[in-house]
Peer 1: 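My questions all concern the structure below.
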Amino acid sequence: METQVLIIGGGVTGVGVARDLALRGVDCILAEADDLNAGASGANHGLLHSGCRYVASDPHSAQECREENLLLKRLAPHVVEDSGGIFVAVTGDDEQYIADFPAKCRAANIPVRSLSIDKARDLEPAIAQNAIAAFDVPDATVDPFHLVLDSLSHAQQYGTRYLSNTKLEGFEVQQGKIVAARLRDMRSGQEVLVHAEQYVNAAGAWAGNVAAMAGGLVAMRCVKGTLLITHDRIARRVINRLRPPGDGDILVPGGTVSILGTTSVRVESLDNIVPSVPEVDLNVEQGSAMVPALASARYIRAYAGVRPLLLEQGGQSDRNASRGVALLDHECDGLQNFVTITGGKLTTFRLMAEQTADLICARLGVNAPCLTRTVALPASESWKWNEAGLARKGWLSDHDPGDVLLCECEMVPRSGVDAILDKAAENNEHVGLNTLNRRSRVGKGACQGTFCGLRLTSYLYDRKKLNAEDGVHELNQFLEERWKGQRPVLWGAASAQAELQEALYCGFMGLDLAGRNKG
C-alpha cells in the first residue's frame, strides 16, 4: 500500500491527525493494532476540562484546555454536554490554595465565579455539608467514543483509509528515512507493507515501543488511572475537589451515570491494565469527602486507562507532570520522516493534531491551512447510539414495531446495531461484541451484558457475522472484559448482579470464563 502519511494509533490523537490532514487534502492511512478507543481514549472520564485543574501546576496547559474547550463546544456540540462545573473545598483543605484559585484562573483567561455554600448546595445538593468554598467554572463533558467515531467518519469522507486490528511489526529504514512500515492483519495473519512519505507515531502509552522500532527514542512513563461508574447520575455538573490534583477528586456526569476518578499508579508493563480493589477503595474514600453519597452508591463497574507522560528533568511527581503537548520530530535520532505526538489531554486532542499536521505538511510542501478550528464535526448517523438515553428522546414513541431492543439497560435497538454492522462492512471491519460495545452503549448498563450478551451473539449469527464456534469465543471475550470491571466493585447490588451473570453463563450454559475462575 502507498500513501503520503501513515498514522500509527487509533485513539483520539491519531484519528484527530487523520482528520486534520484529510481536510488539508493529504492522503493518509490510519493503522490500529486493536480497535478504535481500545486504549486511554476509551478509558477516561470524558471531562472536557475548563483548565482550572491545572492553573497552579501547569498554567500553559490550563490555557490550552480553556481554548480547546470553547472550540469543541462550538464545533462538535452533539458530542458535548455543557454541564458546567463546580470546584468545592471541604474542611481541612489548603486555605492558601483556595485563596489563590480565582486569581490563577483569571490569569489563564478562565472565567470563574465564587459561590456561597448555600448557592453551591442549591445547584448541587450532593456536595458535602462541611464545604467551606465553592466556585462555578466552565467544565463540560464529552463522549470520547462518539468523538473518535465521528472524526474518523469525516476523515474517511476525504479519502483516509482505516486498518483495524493491524499491528505494527517494524520499519524499514534506509539512510535516515523510513521507506516502509511492516504491519500484520491480526485476523488473517497477512503481512501488510505500507510505503509512505511521512510516518506519525500516535500510539499513546505504546509510543515508546513504536519509536524504538524506528530507532528513535521517546522517554516516557506510563501512569495507570482507575475510575468508577455509578449506577445513577449523582450530580448535574462536574464536581471537582478544590485542592492540588489527587485521587478520587473529580465526579463527572456521563449521560445517565456519574464517573468518579482517578488514581495515579506508575506501571512498567502495558500487558494487563486492570482496576484493583485498593484503587477503587481509595477513589471512594477520597470522593466521598466532597460528595458523601459516593460512600454508599451502587457502582456498575470500574475501569483503568494509562496516561503517557513525557519524562522531564527535575523528578516531578506524576500528578504534577505536564499535561502539555509533546511533539517530537526525531531529527536528533537521525530520522527525517518520523514524528511522535504524545502527552496532552482528551480536551487538547484537536490542538495536538493541528501541531502534528503543521509539521507534516511543512515536510510535504503542503500549504493548505488547518480547518479543524473552523469546520464543524459532522454527526454520523451510524454512531448516534453512543449517546446515553437516546431511545428516550424519540425512538420509544416513533419506531417500527419490529425494531426490538437488543440491549434493554441502555435501550439500543436492532436498527442501531444494524447501522453499526453496515458501516463496518463498508470498511471491511470485523465486528464482535466488544466492538459493538465501543461503538454503542450495548453492555454498558447495570446488567453488564448479562442479558444483551446472548441476544447480541444470536443476532450476529442471524446477520451471518459469526460462524460455527465463533459465538462462544466472542461471548467469552465480551464477558471477560465486563468481569474485569465488575470484580473490584463486588458488594451490594453489584455482587448480586455478578452472581446472576455467572449462574446464567457458567452454570446454565456451561461457559468456561477463565477470568472468573482465576478470581
Peer 1: Among N201, I7, V325, find the one that has a side-chain contact (heavy atoms from CB on, under 4.5 Å) with I341.
Peer 2: V325

Peer 1: Using a strict cut-off of less than 4.0 Å between a Lys/Arg side-chain nitrogen and an Asp/Glu carboxylate oxygen, indicate whether R350 and E354 qualify as a salt bridge.
Peer 2: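 Here R350 pairs with E354 in a salt bridge, since their nearest N and O are under 4.0 Å apart.
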
Peer 1: Is any side-chain N of the basic residue among E279 and K224 closer than 4.0 Å to the acidic one's carboxylate O?
Peer 2: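 Yes, E279 and K224 are salt-bridged.
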
Peer 1: More than 12 heavy atoms of other residues, nucleotides or ligands under 6.0 Å from CD of Q157: yes or no?
Peer 2: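 Count over threshold, so yes.
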
Peer 1: Under a 3.5 Å distance rule, please check whether Y505 uses its side chain to pair with a backbone N or O of T450 as donor and acceptor.
Peer 2: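 Yes: the side chain of Y505 pairs with the backbone of T450.
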
Peer 1: Answer yes or no: is there an ion pair linking R463 with D422, defined by an N-O contact shorter than 4.0 Å?
Peer 2: yes

Peer 1: Evaluate the side chain to side chain contact (heavy atoms under 4.5 Å, CB included) criterion for residues R482 and N437: first the C-alpha distance (whole Å), next the side-chain angles of each, then the deciding distance (0.1 Å), finally the verdict.
Peer 2: CA-CA 10 Å; R482 298 295 91 200; N437 172 260; 3.4 Å; yes

Peer 1: Is the shortest distance from a Lys or Arg side-chain nitrogen in E124 or R237 to a carboxylate oxygen in the other one below 4.0 Å?
Peer 2: yes

Peer 1: Out of Q486, E481, R301, Q501, which one pairs with Q448 under the side chain to side chain donor-acceptor pair (under 3.5 Å) rule?
Peer 2: R301

Peer 1: Would you say the side chains of S50 and D139 form a donor-acceptor pair under 3.5 Å?
Peer 2: yes

Peer 1: Can you tell me which residue pairs pass the side-chain hydrogen bond (donor to acceptor under 3.5 Å, both in side chains) test with a partner in residues 27-38, sequence neighbours excluded?
Peer 2: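 Output for this query lists T3-D27, D27-R161, D35-R438, D35-R439.
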
Peer 1: Is it the case that atom CG in N428 sees more than 12 heavy atoms from other parts of the structure closer than 6.0 Å?
Peer 2: no

